[in-house]
Chemist: 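Please see the structure below; I have some questions.
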Amino acid sequence: MTNHFVDYRNADVVLIIGSNTAENHPMGMKWVMKAKERGAKLIAVDPRVSKSASMCHVHARLRPGTDIAFINGMINYIIENDLWFKEYVLNYTNASFLIHPDYKCEDGVFSGLTHIDGKLSYDTTTWQYQMDGDQIKKDPTLQDPNCVFQILKKHVSRYDIKTVCQITGTPEDTYRKVCEMFASSGKPDKSGCVIYGMGITMHSVGTQNARALCILQLLLGNMGIPGGGVNPQRGEQNVQGSTDMAMLHGNLPGYLGMVYASKHKTLAEYIEKETPKTGYWSNKPKFFISQLKAWYGDKATKENDFCFDWLPKHDGKNRSFMSLIDYMAKGEIKGCFITGQNPAVGGPSTVQANKALENLDWLVVYDIFEIETAAFWKRPGADPSKIKTEVFLLPAAMSFEKEGSITNSGRWMQWRYKAVNPPGEAKSDLWIAYNLFKAIRKEYQSGGKFTDAIFNLTWDYDKPGDEEPDIEKVAAEINGYEVATKKVIPGFASLADDGSTACGNWCLSGYWYEDPDAKVPACKRRINKDPSGMGVFPQYSFAWPANRRIAYNRCSADPAGNPWNPKKPYARWDAVAGKWIIPDVPDFKATEPPEVSAKDAFIMSEDGHGRLFAVKGLSDGPLPEHYEPFESPFKNLISKQQNNPMALIFKDGMFKQLAEIGSDKYPCVAITIHVVEHYQSGATTRNCPSLAEISAHMFVNISPKLAQKIGVKNGDDVIVESVRGQITCKAAVNGVCVPLIVNGKEIEVISMPYSWGFMGLTTGASANDLTPFVGDPNSNIPEYKAFLCNVRKAN
Ligand SMILES: Nc1nc2c(c(=O)[nH]1)N[C@H]1C(S)=C(S)[C@@H](COP(=O)(O)OP(=O)(O)OC[C@H]3O[C@@H](n4cnc5c(=O)[nH]c(N)nc54)[C@H](O)[C@@H]3O)O[C@H]1N2
Ligand SMILES: Nc1nc2c(c(=O)[nH]1)N[C@H]1C(S)=C(S)[C@@H](COP(=O)(O)OP(=O)(O)OC[C@H]3O[C@@H](n4cnc5c(=O)[nH]c(N)nc54)[C@H](O)[C@@H]3O)O[C@H]1N2
Ligand SMILES: [Mo]
């Protein structure tokens, strides 16, 4: 999130799109309701009447998977009706920058699409800026046809209200209301907040969905201001924390890019290729070398490239979740550790994926229950005598049984203390990781390949007198310290690239530094004071980076340093005193005069500007373009290109099944959702007696009309079938789902939780037996929302 939960209350308009905050982030909804109490308008964009939608002033339904059409149409409306925030856009975004004259988007495909080794990819030469030496060419009048603003305007002009509503199925008058209401936040004294969730991300165009929201917010001047921002509400309790710590295969901790064997032969090559010349990321060598120092300690010296050669290198293959399962299916992966995850229920296409697990020689599951993943060999329909996999189930301690930090969606790091000891032999995840590596190291003592990296890794977190490792030692290493003195550093500004500092994760640096008032590390403090009255609470927990609550906060004032909104000032230049007044940590060089920092208001971006047009970072286009979900009742109305040409698909093997476009056999558009009573795959909640009792049955929401057509009432059993599998569950007929009229055709939308499996106190069918094995090319997230099904009465 660029902003944070408490900040929602500062908004004048809130757009909740593809998120069911009321159910999945109730404490976030609390602050949305505070905004409502203060007169804010709330909008929900969701195919269903979710609990959140029912609390909004306007609810626009749309066909699942058509958000780009919806948002591009809003952008078009804003440009056509001149509702964008001109001074902001001109100064803080790349609107005036000129793009390569050969850039094109024709028939849904961007310039540069090429085949390399039978694989599609984009050559991004024509997506780049025109340069004059090292200066980007600009047209501040925004008239040049090659300037970003004109390109954007032309791109979205195809998304007029009529076309958009034909694609999305949203009634035109509702759509117009959404456009008007949200565009009202484009005035200097208004702020509009975007909250999004899995309805945006879980698509073969998920990243571009999110990009479209960023463009919308930049055009309305809603970034970097209180009550604004682009706010993805993240998942299970520490999803933010685990991505910060490089859970994703392409990252090292702190969003440093992974080291690839093919292109990073030496430290110098990594630094040269991965460090931008300008913007805050130009400090990357300090972050990376300090990370190597944290890992290899005294062994890491300038002379040996800080042990760069010891780092494991990425082989360049897709190592994200679906690909790993596909490699298992093909017999290329022999053993697997699965911890804190229940993919036998939570992953896509589970009928096929659980079969792929059978190819493993061994599987270690480290969990608090015997979950479906650990029990896959005795799942219904499987023959255990034919499955050779050796499964080890290790008992884990759960969150209340250990201490450590957790990071919420608003980037707040908070320390949690242990409430009770874990039962029996259960151990913390840290204990397992720590002792596992110690055991591996011991094994290597009798010989092995490449032992330097194994023997010399810094791995000393013992806590005298305690079986558990010392988590505070780990915390200090992540925060960073001065090598000579071992003193914890106050923040990443202290990091150096000469080996004098060590830091496990630069962007979290400062969280373990002592707060002078609270006398505890920043993430442990609970000072409940809000001097500005704007919900900043600067000494409550620690918000990375640098305890900054609102990112890009330079943008809250004009180039001269006057707040755009004098009623809600955030950053303000006091010309008399010659300094900035701001209730937050500045996200700019506060020592420089306002005109200078204004040129770098988006400090993390190489060119210092918010990108309406993404010259870098995305594999599937510099602007969002509507493509149909891989399973769709319709042909793409906007271009001949049916699907995202770059999407992650598996053409051979067991994961290729997809229903035809407009399939008569599978006429309903299905989505899968999270529910308040259960937690994700339900592994924990189905083992909790009260929750198992409150919500005991797997169900599917169908419209009253569909129920009547197939002859079922609320509570009856139905069979839901896709091309990949079929399940039996209860019909929930309560008006949450109703049909949409899409381009003159009535389309049924159905929704299902994915929280059931065959283990636990309450068992039931898994929705993921139905979901497709297709994903977004940037994030590799599966298309869990928008696939085709049929529903019929069960006998
Ligand atoms: N009680 C509880 N809390 C949870 C969780 C839980 O399982 N239970 N899970 C946690 C986790 S891991 C996560 S990731 C979050 C998930 O929280 P959310 O992101 O809120 O999750 P969902 O319910 O999957 O989807 C949100 C909404 O998107 C809508 N939607 C589906 N398809 C589309 C579409 O194409 N476009 C649009 N605009 N909307 C669409 C759905 O109807 C739904 O109302 O919640 C977290 N909190
Ligand atoms: N169809 C469909 N599928 C989806 C989604 C969807 O919307 N639709 N949502 C997706 C999303 S957003 C998510 S986040 C995933 C979630 O999918 P999973 O992560 O697979 O689901 P969970 O049930 O949260 O599994 C977490 C496991 O960790 C265990 N556990 C809890 N605490 C600890 C601990 O401290 N240590 C260890 N070692 N284990 C612990 C729990 O018992 C549980 O088995 O599902 C995804 N799958
Ligand atoms: Mo999630």
Side-chain angles (χ1 to χ4, degrees), residues 16-26 28 44-53 60-67 70-71 168 195-203 205-206 209 232-239 321 338-350 365-374 394-402 404 409 422 426-429 432 629 669-687 691 701 736-737 749 751-755 757 759-760 766-771 781-787:
I16 303 179
I17 182 163
S19 153
N20 185 6
T21 312
E23 221 169 313
N24 297 321
H25 302 86
V45 180
D46 199 301
R48 309 176 305 141
V49 191
S50 66
K51 290 189 175 112
S52 309
R61 287 171 196 275
L62 82 174
R63 176 165 63 93
T66 61
D67 294 82
F70 195 99
I71 306 160
T168 62
I195 297 175
Y196 76 84
M198 299 303 116
I200 282 294
T201 54
M202 287 175 168
H203 293 285
V205 293
N209 272 342
Q233 293 190 148
R234 308 224 43 197
E236 29 189 314
Q237 51 182 330
N238 207 17
V239 162
F321 179 80
I338 297 186
T339 161
Q341 204 192 351
N342 186 17
V345 175
S349 303
T350 34
V365 175
Y366 179 43
D367 206 281
I368 53 183
F369 298 106
E370 187 188 10
I371 52 172
E372 286 80 2
T373 305
L394 308 180
M398 81 177 300
S399 52
F400 316 109
E401 298 163 352
K402 58 195 178 194
S409 292
K427 297 280 188 294
S428 74
D429 295 81
I432 282 271
V669 178
I671 57 182
T672 53
I673 49 149
H674 297 238
V675 289
V676 73
E677 298 85 353
H678 283 290
Y679 215 56
Q680 282 96 240
S681 82
T684 42
T685 46
R686 281 183 287 112
N687 279 301
L691 291 170
N701 277 114
V736 162
C737 289
V749 176
S751 75
M752 288 165 275
Y754 73 104
S755 305
M759 299 293 284
S766 298
N768 274 319
D769 282 357
L770 309 173
T771 50
I781 201 170
E783 192 149 67
Y784 283 129
K785 297 176 175 24
F787 56 99

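Read the numbers this way: they start at 1 and go in the same order the structure lists the ligands and their atoms.
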Chemist: Identify, by atom number and element, the atoms of ligand 1 in contact range of N20, meaning under 4.0 Å from any of its heavy atoms.
Modeler: 20 (O), 26 (C), 27 (C), 44 (O)
Chemist: Looking only at distances, please establish whether an N/O atom of ligand 1 is found under 3.5 Å from an N/O atom of V676.
Modeler: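 The answer is yes, given that V676 and ligand 1 share an N or O pair closer than 3.5 Å.
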Chemist: Any nitrogen or oxygen of H203 lying under 3.5 Å from a nitrogen or oxygen in ligand 1? Just yes or no.
Modeler: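 Yes: some nitrogen or oxygen of H203 is under 3.5 Å from one in ligand 1.
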Chemist: May I ask which of G18, G235, S52 has a heavy atom nearer to atom 39 (N) of ligand 1 than the others do?
Modeler: G18
Chemist: Has A786 got any heavy atom lying under 4.0 angstrom from an atom of ligand 1?
Modeler: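 For ligand 1, residue contact (heavy atoms, under 4.0 Å) with A786 is absent.
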Chemist: What atoms in ligand 2 come closer than 4.0 Å to a heavy atom of A396?
Modeler: 36 (N), 37 (C), 38 (N)
Chemist: Is there a side-chain contact (heavy atoms from CB on, under 4.5 Å) between M752 and L770 once you walk through the steps?
Modeler: CA-CA 11 Å; M752 288 165 275; L770 309 173; 3.8 Å; yes
Chemist: Below a 4.0 angstrom heavy-atom separation, can you tell me which part of S681, side chain or backbone, both or neither, approaches ligand 2?
Modeler: both
Chemist: Which heavy-atom pair separates A426 from A397 by the least distance, and what is that distance?
Modeler: CB-N, 4.0 Å
Chemist: Heavy atom of A397 under 4.0 Å from ligand 2?
Modeler: yes
Chemist: As an exercise, identify every atom of ligand 2 less than 4.0 angstrom from a heavy atom of Y679.
Modeler: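 Checking each atom against Y679, I get 23 (O).
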Chemist: Select the closest option to atom 10 (C) of ligand 1 among R61, Q680, K785, judged by heavy-atom distance.
Modeler: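 The option holding the nearest heavy atom is Q680.
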Chemist: Which of these passes side-chain hydrogen bond (donor to acceptor under 3.5 Å, both in side chains) with S52: N24, D46, T21, N20?
Modeler: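 So the option named by the test is N20.
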Chemist: For ligand 2, is there an N or O atom under 3.5 Å from any N or O atom of F369?
Modeler: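 No.
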Chemist: Does at least one non-hydrogen atom of E401 fall below 4.0 angstrom from an atom of ligand 2?
Modeler: no
Chemist: Quick check for you: to the nearest 0.5 Å, what is the distance between Y679 atom OH and L691 atom CG?
Modeler: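 The CG atom of L691 is 12.0 Å from OH of Y679, to the nearest 0.5 Å.
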Chemist: Pick whichever of N342, I671, N768, T684 has a heavy atom sitting closest to atom 20 (O) of ligand 2.
Modeler: N342
Chemist: Determine whether the side chain, the backbone, both or neither of D429 has a heavy atom under 4.0 Å from any heavy atom of ligand 2.
Modeler: side chain
Chemist: What I'd like to find out is whether the side chain of D367 reaches to under 4.5 Å of the side chain of N342, using heavy atoms alone.
Modeler: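 No, every pair of side-chain atoms sits at 4.5 Å or beyond.
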Chemist: Counting from 1, what ligand 1 atoms have a heavy atom of S50 closer than 4.0 Å?
Modeler: 44 (O)
Chemist: Among P47, P26, P64, A53, which one puts a heavy atom closest to atom 30 (N) of ligand 1?
Modeler: P47
Chemist: Do any N/O atoms on H678 end up under 3.5 angstrom from N/O atoms on ligand 1?
Modeler: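 Yes; at least one N/O pair falls below 3.5 Å.
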Chemist: Quick one: does any side-chain atom of E23 pair with a main-chain N or O of V676 as donor and acceptor, under 3.5 Å?
Modeler: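 Flag set: sc E23 to bb V676 pair under 3.5 Å.
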Chemist: What I want to know is whether T66 and ligand 1 share at least one N or O pair that is separated by under 3.5 angstrom.
Modeler: no
Chemist: Considering heavy atoms of the protein only, find what lies nearest to atom 47 (N) of ligand 1 and give residue, atom and distance to 0.1 Å.
Modeler: N24 O, 2.8 Å
Chemist: Heavy-atom contact under 4.0 Å between K402 and ligand 2?
Modeler: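 Yes, that is the case, since the closest heavy atom of the residue is under 4.0 Å from the ligand.
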Chemist: Ignoring hydrogens and geometry beyond distance, is a side-chain donor-acceptor pair present between T771 and N768 at under 3.5 Å?
Modeler: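 There is such a pair (donor and acceptor under 3.5 Å, judged by atom type) between the side chains of T771 and N768.
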Chemist: Is there a side-chain contact between I671 and R48 in this structure, where contact means two heavy atoms from C-beta onward sitting under 4.5 Å apart?
Modeler: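 Yes, close enough: below the 4.5 Å cut-off.
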Chemist: Is the shortest distance from a heavy atom of H25 to ligand 1 less than 4.0 Å?
Modeler: yes
Chemist: Would T771 count as being in polar contact with ligand 2, using the rule that some N or O on each side must be under 3.5 angstrom apart?
Modeler: no
Chemist: Parallel, tilted or perpendicular: which fits the ring planes of Y754 and H674, with parallel below 30° and perpendicular above 60°?
Modeler: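 Judged by the thresholds at 30° and 60°, the geometry between Y754 and H674 is perpendicular.
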Chemist: With heavy-atom distances below 4.0 Å as the criterion, list the atoms of ligand 1 near R48.
Modeler: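 Those qualifying, in numeric order: 41 (C), 42 (O), 43 (C), 44 (O).
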Chemist: Relative to the heavy atoms of I17, which atoms of ligand 1 are at a distance of less than 4.0 Å?
Modeler: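 Atoms satisfying the 4.0 Å criterion: 38 (N).
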Chemist: Using a 4.0 Å cut-off to any heavy atom of G65, which atoms of ligand 1 qualify?
Modeler: 34 (C), 35 (O)
Chemist: Which atom names give the shortest non-hydrogen contact between V736 and R61, and what distance separates them?
Modeler: O-NH1, 4.1 Å
Chemist: Check the pair I338, I371 against side-chain contact (heavy atoms from CB on, under 4.5 Å), reporting the backbone distance first and the verdict last.
Modeler: CA-CA 11 Å; I338 297 186; I371 52 172; 5.7 Å; no
Chemist: Nearest non-hydrogen contact with atom 38 (N) of ligand 1 belongs to which option: I200, V749, D67?
Modeler: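 Selected option, by shortest heavy-atom distance: D67.
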Chemist: Give the residue, atom name and distance (to 0.1 Å) of the protein heavy atom nearest atom 23 (O) of ligand 1.
Modeler: H674 N, 3.0 Å
Chemist: Considering V345, L394, D367, which one's heavy-atom position lies nearest to atom 29 (C) of ligand 2?
Modeler: D367
Chemist: Within less than 4.0 angstrom of ligand 1, does T201 place any heavy atom?
Modeler: no
Chemist: For the side chain of T672 and the backbone of Y784, is there at least one donor-acceptor N/O pair under 3.5 Å apart?
Modeler: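 Checked: pair present.
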Chemist: Does ligand 1 have any atom that is closer than 4.0 Å to a heavy atom of M202?
Modeler: no
Chemist: Can you confirm, on distance only, whether ligand 1 has an N/O atom lying under 3.5 Å from any N/O atom belonging to D46?
Modeler: yes
Chemist: Could you tell me whether the side chain of M398 reaches within less than 4.5 Å of the side chain of F369, counting heavy atoms only?
Modeler: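 F369 does not reach M398 side chain to side chain.
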Chemist: Would a 4.5 Å heavy-atom cut-off, applied to side chains only, mark P782 and F321 as touching?
Modeler: no
